[in-house]
A.B. asks: 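Before I ask anything, let me first share the structure, which is written out below as structure tokens.
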Amino acid sequence: MAKPLSSRLAGSGVTLKARALSFFIDWVVWGYIAYGVMFFLNYYWYTVHVDWWGTLTLPTWGWPLVVLGTLEMAGLCRALGRSLGKRALGLNLVGEHGQRLRRGQRIYRFLLWNITLPIQPILYALRRPLLHERRSSTQLVHSPRAPGVKGKSSLLTQWGIMAVFLCVFTVWLGWLITEINVPVLISRAPTAGRIWSQMVSPDFRYFIEPDPVFALRGLSYSILNLMVVTIFMALLATILGAIFALPVSFAGARNIMGHNALGWAVYAVVRGLFNVFRSIETVLWALVFAVWVGWGTPFAGVLALTVHTIAALGKLYSEQVESIDPGPLEAIVAVGGSRWQVIRYAVLPQVVPSFWAFTLYRWDINVRMSTIIALVGGGGIGDMLFYYKNEGLWRMVGAVVIVIVAVVWSMDYISGRLRERIA
Amino acid sequence: MQGYPEGYLSERPRWTTPAGLVNLIGGPLGLVGRRLSMILLDMAAVALLWVLVTYAFLWYVHGDIGYTVIPWWLFGLFVFELAAAWNSFGVAPSQRLSGVHLVPSEGGRMTVWHRLLHFLAWHVSVLPIVGLLGRRPWHERLSGTRTKRVESGAIKPAPWYRTSVGIYAAVILVVVVVAALGVTVSMANLRRLVTDAWRAGNIWRAFFSPDTTILQTVVRDLLVTFFMAVLATAFAVVVAVPLSFLSARNLMKGPVGRSVYTALRGAMSITRSIEPIVWAIVFLVWVTARRAPFAGVLALVVHSIADLVKLYAEQLEGINPGLPEAITATGGGRLAVLRYGVLPQIINPYISFTLYRWDINIRMATVVGVVGGGGIGQRLYAYLQGHMYSQAGTAMLLIVVLVWAIDYLSSRIRAKLA
Amino acid sequence: MTEPYLRIEKLTKVYERGQVLALDALSLDVEKREFLVVIGLSGSGKSTLLRCINRLIEPTSGRIMLGSVDLTRLSPERMRKMRRRMGMIFQHFNLIRRAPVITNVLTGRLGYMPGWKAMLGMFSKEDQDRALESLERVGLREKAYVRADELSGGQQQRVGIARALMQEPEILLADEPVSALDPATSHSIMQYLEWMNREREVTVLASLHFLSLARRYGTRIVALKDGQRVFDGPPAEIDNAKFKEIYGEDAEEVEVR
């Protein structure tokens, strides 16, 4: 053995984390396949199609079987060639001295892997070579593509076949799950055509004059009035959101918070909150606020937009603060400036232009969102849109949609031009 | 054109050639257009403020929504006069935008007399638009003034509260906020925000006590949402890639190409400004509400196509033209240029845009569900309508997890591709 | 010999990440009104030394005595007060690029102002006049209200000098003030430093890349290599052998004119 001991130690350069992650990917792939197979069984063979998930359920003893089966398949794939998980992390299986492996060796490794799996963690902790690797004289290495050697066409490798298979599999599965039905789309096209033809000959009767239908509820709703309200909603939400996000964003910036424990904690909490609040869409926020402050009031919409705006802008702002040039910071510290003076004179001037750009961008998004937020009780032009839609007054719907498109378009244009000027 | 013999250039007078004619007419017209649009900008600024003030006044004093309290001709006159005064006695937005100010043409300082003359001459010059023709418009000639580029540097610029545009911006901001607060927030709402906090408290409490019995149902719905996003993205890519080549300005040349480009970009722009929710409504009627996820997928596909075509085409427009040029220079045909000159430059950005769109589609799929587009969104909506808050909380929690996971995954892969 | 003006004793700096020894128990005495030039290869510890003096970088061990004050032991607040007396000029100017020149110069007064006034940007009339004076001094009065990023590199560095002037410093730390500039501009910047050194009696510590500049302007040269002092003396004493020792065998001296 000419090789030094260190390279024969556990992992041979590939960390346990990388191994585990790449194995996990393979396992997930096989789990996904198992799920799909189960679905297909239900769909094509087993039962009358009632619900998309059918009626075939696994017996209790089936679960361990599935888990074990997918694990075995993942292990087998990994031993026999370059699996998807190995490809994703750039790993490859080679012989002890980097030579190609014989098939027997690969199968031997797989069998050994099965037997020794329970004691592997102990071996790894003791920094001993992994048993199945040593016994089968194989090792897992990071292998970038060899330069100068023409690789196999990726469609002929195991991972390539697997990737293509997964794509087809996913589309097939998705096709069934989302109930895609092209014949219906075609056969009902005349219905849709009727709607479209009505929508493109819009009825602007209630553009300025309020629609008497809403007068019953004591509301004076005309398209113009509600559109103005909608724009105001977006505006207010953007202004409020920016005002709240601005100070908080500094707390979510690594370079401002410093590297002590408190700084880390504040940073983590702020960023975490931004992320959670951001991943709940505005519409879902509107559902909550509609229950709280009253269904159909613009205020609920403003609150929902504001909350989402704070989170989204906060994240963008913080990232911007993190990416500033540290030079001016150093200069202000060097003249004896305090932390606040550093923020005021070195950080703010650098970030203000991009803050404006982000705010305008957000205002753009908010205008779009505010046009539909009425659906979930947020108020605004959507109130009319959804009322007319429910009544089947497609000409009216057409008028509202056209106004929405015009407004969204022009706001988009204005904010785009302003952003260009700032940048 | 120095060094050419006289006869080598066109012998005809310039204006007899088509290009010369266009120049002769287009040049002054363009000048008038520019000046007119500047004046319209000032008038629009005045009009906006006036309308907003009226709006706020009517709302707060009379309690209804309205826009005018004076006859339109009076309004027009008012706007025109104010714009003229602003241009003469201060620095109007248009002057600020083009970075000029008014100075006497023979030097010296501006006097009130100059400004008054400028204001009066404005009427004879701007009303019959011809006054805007020529190198110096009439109102400047008549008042003995001209516009000069502001060259600051040594002189301290006035702080914003001393310039008319700065004051205008501040006033309009205040008026807008006041008007916006008026129409969107009522006292009753604000009171509910406090008094009904218990209701929200209940919701939050329920949110944080998830109902595990419905886990299986919710996860299944989550899968529907996931597949909706995946399929929508996949279908959209198939359509958007060819369309993107047709809507890239640098690839579409000639009259036919340009019109295809314009038509496609316009259509995509309109499609994009209609939210997926609105599309979902249309498709729900089309394929009937029984096939909710299908309608959701269609809505997402349409919106994704419009969005992806724009992103893809912008990427195509930004490619380095050197590489296709090099392939052409080696004698490659159109397809060879596309394959070896264009494709290598766009493949990674395309993938990363697609992943980005997939990420957005996951979020959108949850939202589309709310209108009845299937998946977890529909379930969540049903729970909230039925006041089943802890179930809704479970659904929301899972949405957050899914969105987070996909967000993380897509950003990691995108970082690797970049 | 009496107590030196600035005494650096066994200054050591270890960068945690990578375990790089940037300064290795360096000791140095600096007299008042000296123009000390620090030379050496990239990574020899020049920047670290200058930044340790005003504690932009915290030294790992050692002492820095300014008169009878140990700078390394000052509380952050007192260090802040102390920094007012030390001007600093940076390689990349470190100006607020989007702010007007005058604001950049005025930031030199931040250490002297109460916090709330600084927050609101309320600089006193005298400060503003003085800022204009400083700009006049570096020949940039005409550019006072222009945005800093509209200036050329040399002009930006002159703004940096004006900012340092505002502090009325006793010591000026110049961290490679000219390495981002062309030769002609370099000389003009160095002449401003020389002027501060002679007329305003400021002690200057400058790190430079080019030996010719160091010879021309320095009253004393210190050469660093791997965080240790390899040469210390008047400029005339650096001969070819010394040069090779500092910069390595393959080095060739180039002249900046």
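Keep in mind that the numbers below use all heavy atoms, side chains included, and drop hydrogens, waters and symmetry copies. Chain letters run A, B, ... following the sequence lines, proteins first, then strands; residues in each count from 1.
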A.B. asks: Can you tell me which portion of B:L402 sits under 4.5 Å from chain A's heavy atoms? Options are side chain, backbone, both or neither.
C.D. replies: neither
A.B. asks: Return the minimal non-hydrogen interatomic distance between B:V224 and A:T178, and the atom names on each side.
C.D. replies: O-CG2, 4.2 Å
A.B. asks: Among A:T191, A:L375, A:V302, which residue forms the greatest number of heavy-atom pairs with chain B at distances under 4.5 Å?
C.D. replies: A:L375
A.B. asks: Please look at B:T225 and chain A and tell me whether the side chain, the backbone, both or neither of the residue comes under 4.5 angstrom of a heavy atom of that chain.
C.D. replies: neither
A.B. asks: Would you say B:L97 and A:R421 make side-chain contact, with heavy atoms under 4.5 Å?
C.D. replies: yes
A.B. asks: So do the side chains of A:E281 and B:V370 get within less than 4.5 Å of each other, counting heavy atoms only?
C.D. replies: no
A.B. asks: Would you say A:N181 and B:V287 make side-chain contact, with heavy atoms under 4.5 Å?
C.D. replies: no
A.B. asks: Any side-chain heavy atom of B:L223 within less than 4.5 Å of one from A:F39?
C.D. replies: no
A.B. asks: In Å, rounded to the nearest 0.5 Å, how long is the span from CG of A:L235 to CG of B:L173?
C.D. replies: 8.0 Å
A.B. asks: Which one, A:V401, A:N275, A:I231, A:I208, leads in non-hydrogen pairs under 4.5 Å with chain B?
C.D. replies: A:N275
A.B. asks: What heavy-atom pair brings A:I180 and B:F235 nearest, and what distance separates the two atoms?
C.D. replies: CD1-CE1, 3.6 Å
A.B. asks: Which label fits A:Y32 and B:F227: parallel for a plane angle under 30°, tilted from 30 to 60°, or perpendicular past 60°?
C.D. replies: parallel
A.B. asks: How far apart are the closest heavy atoms of B:K416 and A:A88, and which atoms are they?
C.D. replies: NZ-O, 3.6 Å
A.B. asks: Any side-chain heavy-atom pair from B:I65 and A:V228 closer than 4.5 angstrom?
C.D. replies: no
A.B. asks: Does any part of the side chain of B:W286, heavy atoms only, come nearer than 4.5 Å to the side chain of A:I195, both counted from C-beta?
C.D. replies: no
A.B. asks: Determine which residues belonging to residues 409-418 of chain A lie within contact range of chain B, meaning some heavy atom pair is under 4.5 Å apart, and list them by number or answer 'none'.
C.D. replies: A:W409, A:D412
A.B. asks: Heavy-atom distances under 4.5 Å only: say whether B:A197 touches chain A with side chain, backbone, both or neither.
C.D. replies: both
A.B. asks: Taking all atoms of both residues into account, what is the closest heavy-atom pair of A:L236 and B:T184, and its distance?
C.D. replies: CD2-OG1, 3.3 Å
A.B. asks: Could you pull out all donor-acceptor pairs under 3.5 Å where a side-chain atom in residues 284-299 of chain A meets a protein atom, sequence neighbours excluded?
C.D. replies:
unit_1 : atom_1 : unit_2 : atom_2 : d
A:W285 : NE1    : A:F277 : O      : 3.3
A:W285 : NE1    : A:I280 : O      : 3.2
A:W292 : NE1    : B:L193 : O      : 3.2
A:T297 : OG1    : A:G294 : O      : 2.8

A.B. asks: If you count heavy-atom pairs within less than 4.5 Å of chain A, which of B:T366, B:V367, B:L190 leads?
C.D. replies: B:V367
A.B. asks: Check whether any side-chain heavy atom of B:F226 sits under 4.5 Å from a side-chain heavy atom of A:I177, and report yes or no.
C.D. replies: no
A.B. asks: Taking distance alone, no hydrogens or angles, what donor-acceptor pairs closer than 3.5 Å link side-chain atoms of residues 366-373 of chain A to residues at least two apart or in another chain?
C.D. replies:
unit_1 : atom_1 : unit_2 : atom_2 : d
A:N366 : OD1    : A:T309 : OG1    : 3.4
A:N366 : ND2    : A:T238 : OG1    : 3.1
A:N366 : ND2    : A:T309 : OG1    : 3.1
A:R368 : NH1    : B:R272 : O      : 3.3
A:S370 : OG     : A:N366 : O      : 3.0
A:S370 : OG     : A:V367 : O      : 2.9
A:T371 : OG1    : A:R368 : O      : 2.5

A.B. asks: When the side chains of residues 378-388 of chain A are checked against the rest of the protein, which donor-acceptor pairs come out under 3.5 Å, sequence neighbours left out?
C.D. replies:
unit_1 : atom_1 : unit_2 : atom_2 : d
A:D383 : OD2    : A:Y221 : OH     : 3.4
A:Y388 : OH     : A:D211 : OD2    : 2.4

A.B. asks: Let me know if B:V285 has heavy atoms under 4.5 Å from chain A in its side chain, its backbone, both or neither.
C.D. replies: both
A.B. asks: Decide yes or no for A:F232 and B:V176: does some side-chain heavy atom of the first lie under 4.5 Å from some side-chain heavy atom of the second?
C.D. replies: yes
A.B. asks: Looking only at atom types and distance, does a side-chain atom of B:W404 sit under 3.5 Å from a main-chain N or O of A:V276, one as donor and one as acceptor?
C.D. replies: no
A.B. asks: Please classify the contact between B:I413 and chain A as side chain, backbone, both or neither, with a heavy-atom cut-off of under 4.5 Å.
C.D. replies: neither
